[in-house]
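When a ligand or atom number is given, it counts from 1 through the structure's own listing order. Values reported hereafter were calculated over all heavy atoms of this structure, with side chains retained and with hydrogens, waters and symmetry mates removed. None of these values were measured; they are calculated from a predicted model.
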Amino acid sequence: MSPTLLVIDTDPGVDDAAALLLALTSTEVELRAVTTVFGNVELATTTMNARRLLTLASRSDIPVAAGAARPLVHPQAQRADKWHGTDGLGGRADTLPAATPLDPRGAVTLLADVLRAAKTPVTLAPIGPLTNIALLLAVHPELAGKIDRIVAMGGALRGGNTTLAAEFNIYADPEAAHRVLAEESVPITLVPLDITMNCWVDGQWLDELAAAGPRCATLAGVIDHGRKQHQRAFGEDRVVLHDAVAVLEAVVPGTLSCTSMPLSVECGFGADRGAVRRAESSDSRPVDVALSTDVPRLRAEILRRLLTLDGAAATA
Ligand code: RIB
Ligand code: CA
């Protein structure tokens with residue numbers, strides 16, 4: 001069976017780094033491109049980080065293009081450097097090799113070119129704010145049929161992580177999230193905090209990753225900042241790799257158990273801006289919302305794949 005074609009849209013980002021390398025160590029998918037967006041840190045930094053991560057995995061053949069530096073409509077200046085470090089990679093960006101070249105086409109054009117050239121439908125995995133995906137579908141509605149499905153990390157039905165009501169990726173650009181989650185017709189699986197927060201990995205998991213080889217150790221070093229922040233915030237030796245949970249679903253469809261429901265995104269300016277809720281009316285299209293999984297199996301599967309990073313790359 002030919003591999004699923006995949007594009008990751010990302011704001012690296014500690015958990016984005018794990019998600020990107022998870023895709024690169026998964027034989028079920030062919031990563032055709034990486035596009036970057038503002039989010040955890042500014043666009044220039046997320047873009048540099050994505051390019052360095054591809055070099056780390058010896059995959060400088062994969063094009064990286066930069067997308068939106070800001071939300072669609074209203075500014076949202078809050079970044080997430082507390083959780084990701086000011087360099088976006090836990091203060092360890094300089095432990096990664098030099099960046100691969102930047103594709104000059106820009107994210108929307110690169111996404112459109114990949115979709116046009118694809119002989120089979122493409123899976124898009126946005127794991128940051130949804131700005132680039134909203135722009136792609138607004139500029140190229142004719143390409144929606146080339147998208148097999150979107151697997152997005154974002155949202156929270158029961159309480160956010162950026163405000164009490166909103167999760168970071170949605171809060172960063174609620175208007176873009178409304179467009180993609182409520183108005184577009186492309187099939188979408190949303191992977192919210194409600195499931196990702198249960199999929200934490202612990203110190204033993206991280207120590208096994210760190211001991212597996214130089215590339216795994218570099219990734220574990222990047223994740224270590226998130227581990228320390230989690231310890232400070234929750235008093236537990238754990239870290240939540242939100243984006244890796246979503247990318248494993250993109251790579252192995254059916255990993256997560258979903259419930260179909262129409263969603264609304266709060267775009268007002270009250271305390272619940274960016275909240276994602278089950279929509280009262282069925283005007284909004286149905287979204288597959290991931291709410292449960294076999295967590296021990298998911299943890300083991302993500303680690304098993306990442307551990308091949310050195311083995312696979314060493315032979316590359
Ligand atoms: O809320 C978690 C999401 O926000 C993840 O994508 C993380 O990388 C941050 O961008
Ligand atoms: Ca992210």
Side-chain angles (χ1 to χ4, degrees), residues 7-23 34-43 45-50 53 64 66-68 70-71 76-90 93 107 124-133 150-174 176-177 180-181 189-201 219 222-223 225-227 229-230 233-234 238-250 265 273-276 289-290 302:
V7 178
I8 292 179
D9 185 71
T10 179
D11 62 333
V14 165
D15 57 330
D16 303 69
L20 193 53
L21 295 173
L22 172 63
V34 174
T35 52
T36 56
V37 63
F38 80 97
N40 290 317
V41 289
E42 299 303 334
L43 176 67
T45 308
T46 63
T47 305
M48 178 63 75
N49 291 344
L53 286 162
V64 179
R70 49 146 297 159
Q76 195 284 79
Q78 185 174 339
R79 305 280 64 86
D81 42 296
K82 173 187 165 195
W83 287 92
H84 299 269
T86 51
D87 69 358
L89 292 179
L124 302 185
I127 52 178
L130 288 167
T131 316
N132 290 341
I133 307 303
I150 296 170
V151 181
M153 192 280 141
L157 297 178
R158 291 192 312 273
N161 61 358
T162 302
T163 67
L164 287 177
E167 175 277 331
F168 181 83
N169 288 339
I170 307 301
Y171 187 72
D173 194 341
V180 175
L181 296 177
T189 299
L190 183 70
V191 183
L193 293 180
D194 308 78
I195 189 170
T196 62
M197 286 304 289
N198 294 329
C199 297
W200 47 265
V201 295
L219 174 59
V222 166
I223 297 173
H225 179 88
R227 179 180 185 178
Q229 281 301 109
H230 194 101
F234 303 107
R238 294 173 177 176
V239 69
V240 181
L241 300 174
H242 304 276
D243 295 335
V245 177
V247 164
L248 188 60
E249 169 60 29
V265 180
R273 178 168 172 78
V276 173
V289 180
I302 292 173

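- Here N161 has side-chain heavy atoms under 4.0 Å from ligand 1, and that is the only part of it that gets that close.
- Using a 4.0 Å cut-off to heavy atoms of M153, the atoms of ligand 1 that qualify are 2 (C), 3 (C), 5 (C), 6 (O).
- Shown in contact with D11 at under 4.0 Å from a heavy atom are these atoms of ligand 1, numbered in order with element: 10 (O).
- Of all protein atoms, those that are N, O or S and lie under 3.0 Å from the Ca ion (ligand 2) total 5.
- Atoms of ligand 1 found under 4.0 Å from any heavy atom of D15, numbered from 1 in the order shown, are 5 (C), 6 (O), 7 (C), 8 (O).
- Scanning all protein heavy atoms for the shortest distance to atom 6 (O) of ligand 1 gives D243 OD1, 2.6 Å.
- The structure places CD of E249 at 13.5 Å from CE of M153, a figure rounded to the nearest 0.5 Å.
- There is no side-chain donor-acceptor pair under 3.5 Å between T46 and D11.
- Rounded to the nearest 0.5 Å, atoms CZ (F168) and NE2 (H84) are 7.0 Å apart.
- Looking at heavy atoms from C-beta onward, V239 lies in side-chain contact with V201 at the 4.5 angstrom threshold.
- Considering both main-chain and side-chain atoms, I127 comes within under 3.5 Å of ligand 1 through a nitrogen or oxygen pair.
- Here the side chain of D173 pairs no donor or acceptor atom with the backbone of P129 at under 3.5 angstrom.
- Of the listed options M197, H242, E167, E167 places a heavy atom closest to atom 3 (C) of ligand 1.
- Remark: the backbone N or O of T45 is not paired with any side-chain donor or acceptor of E42 at under 3.5 angstrom.
- Ranking the protein heavy atoms by distance from atom 9 (C) of ligand 1 puts N40 OD1, 3.1 Å first.
- Contacts with ligand 1 closer than 4.0 Å are made by no heavy atom of T162, backbone or side chain.
- A donor-acceptor pair under 3.5 Å links the side-chain atoms of N49 to the main chain of D87, judged by distance alone.
- Side chains of V37 and D9 form a contact here, defined as non-hydrogen atoms less than 4.5 Å apart.
- Two residues are said to be in side-chain contact when any heavy atoms from C-beta on lie closer than 4.5 Å; W83 and D15 fail this criterion.
- Side-chain atoms of R79 come within 3.5 Å of backbone atoms of G39 as a donor-acceptor pair (strictly under, hydrogens ignored).
- L241 CG to L219 CG: the interatomic distance, rounded to the nearest 0.5 Å, is 8.0 Å.
- Counting heavy atoms closer than 4.0 Å to ligand 1, residue D16 contributes side-chain atoms (C-beta onward) but none from N, CA, C or O.
- For atom 4 (O) of ligand 1, the nearest protein heavy atom (residue, atom name, distance) is N169 OD1, 3.3 Å.
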